[in-house]
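For reference, the structure is listed below as C-alpha cells.
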Protein chains: 2
Amino acid sequence: MSRETTDIRQEQIKKAVLDIIADEGLQNISTRNLAKRIGLSEGAIFRHFPTKRDIIKGIMDDVANDLIGSLRNIVLKPEKAEDKLFKYLCQNVKYLKENRGITMLLFSEAAHLGDKELKEKLNQILYEQKQLIIKMVKDGISEGVWDKSVNAEDIAIIYMGIPITFNIEFVLNKNGLNADNFCRRMYTLILKILKN
Amino acid sequence: MSRETTDIRQEQIKKAVLDIIADEGLQNISTRNLAKRIGLSEGAIFRHFPTKRDIIKGIMDDVANDLIGSLRNIVLKPEKAEDKLFKYLCQNVKYLKENRGITMLLFSEAAHLGDKELKEKLNQILYEQKQLIIKMVKDGISEGVWDKSVNAEDIAIIYMGIPITFNIEFVLNKNGLNADNFCRRMYTLILKILKN
DNA sequence: TACGTTTGTAAGTAAGTGATTACAATATTA
DNA sequence: TAATATTGTAATCACTTACTTACAAACGTA
C-alpha cells in the first residue's frame, strides 16, 4: 500500500466505518473488516488512531461540527422563522440520509452506554439541536406569527422524533419514504401546532 | 441450582436480557453474563433456547403480543377518538418505561440488520402500530371532531417519534422527562394538528 | 422401586475481537 | 547524502464470544 498522511488515513478510516454500517450493519465494524475495506493492514489502523473508540469519538466530533454547524447557520441567518424551520428540517433529514450510518452509530452508542465520554458527546449533540429548535420557535413567536402559548421545548421534543423516525424507516425499508415529500409533509404538521 | 421447567427458565432468561440491557447496556447480554445473573451455568441457557438469536426472537414475540395487544384493545374499544388517543399514547409510553430494555434491543437489532427474520419481525411490530394509529385518526375524522384534510399516515409517522424520543431521553438522562406530564403534553400537540 | 426423560454442571471448542510487536520501506530534513 | 521520523506489514497476543460435550442429579411414571 502506498504511503499517505495520517490526516488522509483518518478520514478514510472514519468514512469506512460509516460505509460499513450502512452496507453491512453495525456488527461488522471490526478493525479487521475496516482495514480490509480500505485495503490496509490492521496494524496500520492503529498507527492513525490509538484505539477503536477514538475512531467513534472522531466521527461524533464530525457530526457536532458538520451537522450542528450547518443547522446553526440556518437558525442564525436573518430570515423569517417559517422559512428557517423548513430549511432546518430539510437539512437535518438530508444529512441523515447522506450519512445513513451516523444515526445508527449514535444510538447504538447510547444503547450500549458503556462509555461515559461518548455518551456525554451524544448528549451534547442532542442538547444543542434542541436549543436551536427552541430558539427558532421563540423567534417565530417574537415575530408574532406563531402562537405564544406553545411550549418551545415540547416542539423541540416532538421535532426530534422526526429525523429519527425517518432514519428507522430508511433502515428497515430502504425506499420507504420520499425525502423531499417527507420534509414538506412534516413541516406542515409542525406548522399547524405553531400557528395562531 | 434447583430444577425448573423450560417454560419458567425461558421467562427468566428473557427477563434477564431486558434487565441487563437496562442496567448495564446492550453490550453485556453475553450468554455468560446472562447465566451469571440468573445463577445458572452457561450450558443451561442452551438447554432452554437453541441459540441466543432465539432468545431475542422470543422477546420480540412478547412485544408483539403484549404491547401491540394492549394498544389494539384501546383502539378497538367503543370510545371517543380523543380519549382513545390519549390512552394509547400513555399506554405506549408506560410500556416503554417499564420495559426500558426493549426499545434499545429492537433498534439495535434494526441497526445491526444482519438477521432478516428479526428485521422482518421488527418491521411487523412497527407496521401494526402505525395501522392502529391510522385507524384511530380515521375514526376521529368519521366522528366529525377532527380535520378531514389531515393525512392519517403523516400523523402516524410524527406519532411514532414520540415514544422513541422519550426512550432516548430516558436512556441518556434517566430522570429527563416526567412520564405523566410528558404524555399529556405530547397529546396536546397532536390534538392541535388534528383539530378542525 | 426401577427406568427413561428432563434439567443441571464443568470444562471444553473454534472463531472472532481489539491491540501489540518486530521489522521493512518510504519520506523528511540537517 | 546521511540520519531520522513516519507509515506500512505480517505474525501474534490475550481475551471474549456463542455454542458443545460428557456426565451427574432430579424428576415423572410403570
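Just so we're clear, the structure is a prediction, and the values are computed from it rather than from any experiment. Hydrogens, waters and symmetry mates play no part in the numbers below; they use all other heavy atoms, side chains included. Letters go in sequence order (proteins before strands), and every chain restarts at 1.
- Atom CG of B:L189 is separated from atom OH of B:Y159 by 13.0 Å, given to the nearest 0.5 angstrom.
- Note that OH of B:Y127 and CD1 of B:I68 are 12.5 Å apart. Values are rounded to the nearest 0.5 Å.
- How far CG of A:N123 is from CD of A:E128: 11.0 Å, rounded to the nearest 0.5 Å.
- To the nearest 0.5 Å, atoms CD1 (B:I29) and CD1 (B:I20) are separated by 7.5 Å.
- At a non-hydrogen distance threshold of 4.0 Å, nothing from residues 5-19 of chain B comes into contact with DNA chain D.
- In this structure, CG of A:L26 is placed 19 Å from P of C:dG16, rounded to the nearest angstrom.
- By the 4.5 Å heavy-atom criterion applied to side chains, A:E153 and A:K130 are counted as neighbours.
- Residues from residues 28-53 of chain B placing a heavy atom under 4.0 Å of any atom in DNA chain D, listed by number, are B:I29, B:S30, B:T31, B:R32, B:E42, B:G43, B:F46, B:T51, B:K52.
- Applying the side-chain hydrogen bond (donor to acceptor under 3.5 Å, both in side chains) test to B:Q91 and every residue at least two apart in sequence or in another chain returns B:S70.
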Letter per nucleotide, 5' to 3', of nucleotides 25-30 of chain D [B base touched, S only sugar-phosphate touched, - untouched; heavy atoms, 4.0 Å]: BB----
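- Just one residue in the list A:K52, A:R53, A:K57 forms a salt bridge (charged side-chain N to carboxylate O under 4.0 Å, His left out) with A:D115, and that residue is A:R53.
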Intermediate values then yes/no, side chain to side chain donor-acceptor pair (under 3.5 Å), A:D147 and A:S149: CA-CA 5 Å; A:D147 182 356; A:S149 75; 2.8 Å; yes
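- Checked against the 6.0 Å centroid criterion, the rings of B:F166 and B:F182 qualify as a close aromatic pair.
- A salt bridge does not link A:K87 to A:D83: none of the charged side-chain nitrogens sits closer than 4.0 Å to a carboxylate oxygen.
- The closest side-chain donor-acceptor pair between B:T51 and B:D54 falls under 3.5 angstrom.
- When the C1' atoms of four end pairs are superposed on the next four at each end of the helix from C:dT1-D:dA30 to C:dA30-D:dT1, using five pairs per end, the two resulting axes differ in direction by 10°, to 10°.
- Residues passing the side-chain hydrogen bond (donor to acceptor under 3.5 Å, both in side chains) test with A:E42, sequence neighbours excluded: A:T31, A:R32.
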